[in-house]
Amino acid sequence: MDNKPANNFLHQIVAEDLEAGRVSEVITRFPPEPNGYLHVGHAKSICLNFGMAERFGGQCNLRFDDTNPEKESPEYVASIQEDVRWLGYQWAGEVRYASSYFQQFYDWAVHLVEQGDAYVCDLNAEQAREYRGTLTEPGRNSPFRERSIEDNLDLLARMKAGEFDEGSKVLRAKIDMASPNMNLRDPILYRIRKAVHHQTGSEWCIYPTYDFAHGQEDAIEGVTHSICTLEFEDHRPLYDWLLDHLPVPSRPRQYEFGRLNLNYTVTSKRKLKQLVDEGVVDGWDDPRMPTISGMRRRGFTPAAIRKFCEMIGVTRSDGVVDVAMLEHAIRDDLNDNAPRAMCVLRPLKVVLTDYPEGQVEQLSAPAHPSREDLGSRELPFTRELYIDAGDFLEEANKKFKRLVLGKRVRLRNAYVIEADSAVKDDAGNVIEVHAHTVPNTIGLDPEDGIKPKGVIQWVSASAGRQATVRLYDRLFTDAAPDKGDKDFMTLVNPASLDVVEGAWIEPGLAAAAPEQNFQFEREGYFVADRFEHSESAPVFNMTIGLRDTWNNG
RNA sequence: UGGGGUGUCGCCAAGCGGCAAGGCACCAGGUUUUGAUCCUGGCAUUCGUAGGUUCGAAUCCUACCACCCCAGCCA
């Protein structure tokens, strides 16, 4: 309970509350609305809320804030639970739903009316907007503001009974139409929505607004610290007003933190949904998406995402985090834990003219340079093999540490070879390289003392397997696709996906389990696709390339 | 021009009156059968600006400036 990652201002608040005895235990909650898939911004909130409970020995609830049936669906309810679990968190007890408290909310609405603190208003949406005033001008009281308690009670009951049309009436709190805080200008508590709700069906035709639900949900669940993002700060006075005017069972407190912004990324459910709906990506879990499920499919690990959230911290300032930090987090995890393997993305055949046809040597290579516990794998070595086309040049300067005619290069985990000639097609393209092995160089330097310039990966042409490898680049070409009046849809990177159909992989890779991570040496980290990879038709997704400091940055 | 916030290195972020942590990125070396990893070193005489209080301020006070949020019967 006391081995903490970094400290942040909320940890301090909670620690002080515990110490002062203001709360005896910490109860937090992660309250998504099931109207989209969770994204990396939610991961920050999840890590914060669940992490807080973990750190202080409390509990964290998963509660769906399902007060708007028109935008929600069971698909989202399911995906959200899966994502939270995948991140490694366990919520306290059963999953909760705001909708399961609807009767209580209604009873409290009646309570407010009886106290003279709420009234039924017949203004339509446009009229209500007019009466609300503007940022600089106070609003005016609704002509329905002074209805009698009896009338309000009757009208509210009939709203609930379905007697009125959508939009014709709302229940509003009677606070202050002249408040400089717009949220206090008689905020709407209930609206009529004759929609089927994914949890309550047709039981209700009036639904509470966020403001009339959130604080009470927290109070019902005994939430002590209700953590939300900065844009709800102006709602806190209303959150408190409602709790002060209702006979709630506990008194939660709201605290706000700055939401996560990532450059080259959009994190808005609306925009992510648009990318999905317009087919820019293949779905919410497309590996290019910053959704939890997209990152999962891309090969990110829960540990890396949690590490990232720890790195960026929690504050009240809203900044833009460099995606390089997210990339660092996943590289760091995978460098430690991903087995190494070899994959040739752009195959160029090499024939070792001195190597006997039909001969196969089973070479053994460690799965990881420092993790002996990860074991080793067998690499069949044969006369014909593939290297990457980018690893050969007929002639090159000394900076080029790969294969050059007349020069040597080490085949990773195998022999040093020397290139003799290049075979070209009619157009002059190199289609094959003839080379020979330097004897006795498995695990040893050449006996003549002439060391190879570099090391390159290879795959046996006869024993290797072919695979589909998907290479990804950032989804947006602009560092701030979300900012200003730019249309983010026009900033989509046309080259964000590159599907390589004819890649060659070392034989053992075909048997990889879906979601297994690897480092394809000298290329990057890859993962066997969660849904489409199979031993007979291997499919790998690039998680992130290796850091490359070759051409000065 | 109303209200609520935030301003510390290119980015994130410690700092809570005693003399600017750390991470990312970047740069320079070293090791290396991954141009990776790893290791070493460098990287804010200065904390939005201007005043003030104090022996002493990023930390307190004042004014100003910049940016973000709020006028959904969304959350």
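Every chain is numbered from 1, with letters handed out A, B, ... down the list of sequences. The figures here come from the full heavy-atom set of this structure, side chains too, leaving out hydrogens, waters and symmetry mates.
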Exercise. NA contact type, A/Asn335, heavy-atom cut-off 4.0 Å: base, sugar-phosphate, or nothing?
Worked result: sugar-phosphate
Problem set entry | B/G29 pairs with, by Watson-Crick or G-U criteria that keep both distances under 3.5 Å | B/C39
For this session: Determine the contact category for A/Lys269: base if any of its heavy atoms lies under 4.0 Å from a base atom, sugar-phosphate if only primed atoms, P, OP1 or OP2 are that close, otherwise nothing.
Result: nothing
Seminar exercise, completed: Hits for side-chain contact (heavy atoms from CB on, under 4.5 Å) against A/Ser268, two or more places apart or cross-chain, chain-then-number order -> A/Arg270, A/Lys271
Exercise. So which nucleotide does B/A50 pair with, by the Watson-Crick or G-U wobble rule with both distances under 3.5 Å?
Worked result: B/U62
Exercise. Can you tell me how far P in B/C67 sits from the matching atom in B/U1, rounded to whole Å?
Worked result: 12 Å
Exercise. If you measure from the Lys or Arg side-chain nitrogens to the Asp or Glu carboxylate oxygens, is any gap between A/Arg29 and A/Glu221 under 4.0 Å?
Worked result: no
Problem set entry | Presence of salt bridge, A/Arg63 and A/Asp218, under 4.0 angstrom | yes
For this session: In whole angstrom, give the distance that lies between atom CZ of A/Phe308 and atom P of B/A25.
Result: 12 Å
For this session: Would you please say whether a donor-acceptor pair under 3.5 Å links the side chains of A/Asn7 and A/Arg55?
Result: yes
Exercise. Looking at the angle O4'-C1'-N9-C4 for a purine or O4'-C1'-N1-C2 for a pyrimidine, is B/G52 syn or anti, with syn meaning within 90° of 0?
Worked result: anti
Exercise. What is the distance, rounded to the nearest whole Å, between atom NE2 of A/His328 and atom C1' of B/C11?
Worked result: 14 Å
Exercise. Which nucleotide, in any strand shown, forms a Watson-Crick or G-U wobble pair with B/G17, with both distances under 3.5 Å?
Worked result: none
Exercise. Across the strands shown, which category fits A/Arg172 at heavy-atom distances under 4.0 angstrom: base, sugar-phosphate, nothing?
Worked result: nothing
Exercise. For every nucleotide of nucleotides 66-75 of chain B, 5' to 3': is a protein heavy atom under 4.0 Å from its base (B), only from its sugar-phosphate (S), or from neither (-)?
Worked result: --SBBBSBSB
For this session: Would you jot down, in residue-number order, the residues of residues 366-376 of chain A having a non-hydrogen atom under 4.0 Å from RNA chain B?
Result: A/Pro369
Problem set entry | Sugar-phosphate, base or nothing in reach of A/Gly443, heavy atoms under 4.0 Å | base
Problem set entry | Distance, C1' atom - from B/G15 to B/G51, rounded to whole angstrom | 24 Å
Exercise. Of the nucleotides B/A13, B/G5, B/G2, which has the atom closest to the A/Thr136 side chain?
Worked result: B/G2
Exercise. Looking only at atom C1', what distance separates B/G17 and B/U53, rounded to whole Å?
Worked result: 12 Å
Problem set entry | Nearest-angstrom distance, P atom, B/C47 to B/C60 | 15 Å
Exercise. With a 4.5 Å heavy-atom cut-off, do A/Asp322 and A/Glu327 have their side chains touching?
Worked result: no
Exercise. Between atom CD in A/Glu137 and atom P in B/G3, what is the gap in whole Å?
Worked result: 15 Å
For this session: Would you tell me if any nitrogen or oxygen in the side chain of A/Thr315 comes within less than 4.0 Å of OP1 or OP2 on B/C12?
Result: no
Exercise. What is the nucleic acid contact for A/Ser179, judged by heavy atoms within less than 4.0 Å: base, sugar-phosphate only, or nothing?
Worked result: nothing
Problem set entry | Atom P, compared across B/G4 and B/U40: separation rounded to whole Å | 49 Å
Problem set entry | Whole-Å distance separating the CZ atom of A/Arg185 from the C1' atom of B/G4 | 14 Å
Problem set entry | Donor-acceptor pair (no angle test) under 3.5 Å: A/Arg316 side chain, B/U6 base | no
Exercise. Could you give the CG-to-P distance, from A/Asp322 to B/A25, as a whole number of Å?
Worked result: 9 Å
Seminar exercise, completed: In whole angstroms, the gap separating P of B/U34 from CG of A/Asp391 amounts to 14 Å
For this session: Would you kindly check whether a donor in the side chain of A/Gln519 faces an acceptor in the base of B/U34, or vice versa, at under 3.5 angstrom?
Result: yes
Exercise. B/C67 pairs with which nucleotide, Watson-Crick or G-U wobble, both distances below 3.5 Å?
Worked result: B/G5
Exercise. Would you say B/C26 has OP1 or OP2 under 4.0 Å from some side-chain N or O of A/Arg547?
Worked result: yes
Exercise. Taking atom P of B/G4 as reference, at what distance in whole Å does atom CG of A/Asp240 sit?
Worked result: 15 Å
Problem set entry | Listed partners of A/Leu444 passing side-chain contact (heavy atoms from CB on, under 4.5 Å), at least two apart | A/Asn440
Exercise. If we take the P atom in both B/G10 and B/G52, what is their distance in whole Å?
Worked result: 28 Å
For this session: State whether A/Asp117 and A/Lys174 are salt-bridged, where the test is any N-O pair (Lys NZ or Arg NE/NH1/NH2 against Asp/Glu carboxylate O) under 4.0 Å.
Result: no
Problem set entry | Qualifying side chain to side chain donor-acceptor pair (under 3.5 Å) pairs with a residue from residues 35-47 of chain A, counting only residues at least two apart or across chains | A/Glu33-A/Asn35, A/Asn35-A/Lys269, A/Tyr37-A/Glu75, A/Ser45-A/Asn49
Exercise. Does the side chain of A/Arg402 get closer than 4.0 angstrom to OP1 or OP2 of B/G35 through an N or O atom?
Worked result: no
Exercise. Do any side-chain nitrogens or oxygens of A/Gln12 fall under 4.0 Å of OP1 or OP2 in B/G15?
Worked result: yes
Exercise. Are side-chain N/O atoms of A/Arg236 and A/Asn183 paired as donor and acceptor at under 3.5 Å?
Worked result: no
For this session: For B/A14 versus B/U8, give the span between their C1' atoms, rounded off to a whole number of Å.
Result: 10 Å
Exercise. What nucleic acid atoms does A/Met325 come within less than 4.0 Å of, heavy atoms only: base, sugar-phosphate, or nothing?
Worked result: base
Exercise. With a 4.5 Å heavy-atom cut-off, do A/Glu521 and A/Asn413 have their side chains touching?
Worked result: yes
For this session: Name the nucleic acid region contacted by A/Val416, choosing base, sugar-phosphate or nothing; use a 4.0 angstrom heavy-atom cut-off, strictly under.
Result: nothing
Problem set entry | Partners meeting side-chain contact (heavy atoms from CB on, under 4.5 Å) with A/Asn124 (sequence neighbours left out) | A/Glu126, A/Gln127
Problem set entry | Atom-pair distance (CZ on A/Arg331; C1' on B/C24), nearest Å | 11 Å
Exercise. Take atom NZ in A/Lys451; do more than 12 heavy atoms of anything else shown fall under 6.0 Å from it?
Worked result: no
Problem set entry | Among A/His436, A/Glu361, A/Arg408, side chain to side chain donor-acceptor pair (under 3.5 Å) partner for A/Tyr415 | A/Glu361
Exercise. What interatomic distance, in whole Å, is found between C1' of B/U31 and the corresponding atom of B/C38?
Worked result: 8 Å
Problem set entry | Sugar-phosphate only, base, or nothing, as touched by A/Ile442 at under 4.0 Å among non-hydrogen atoms | base
Exercise. If you pin A/Ala324 and A/Val321 to their nearest nucleotides in RNA chain B, which one's is more 5'?
Worked result: A/Val321
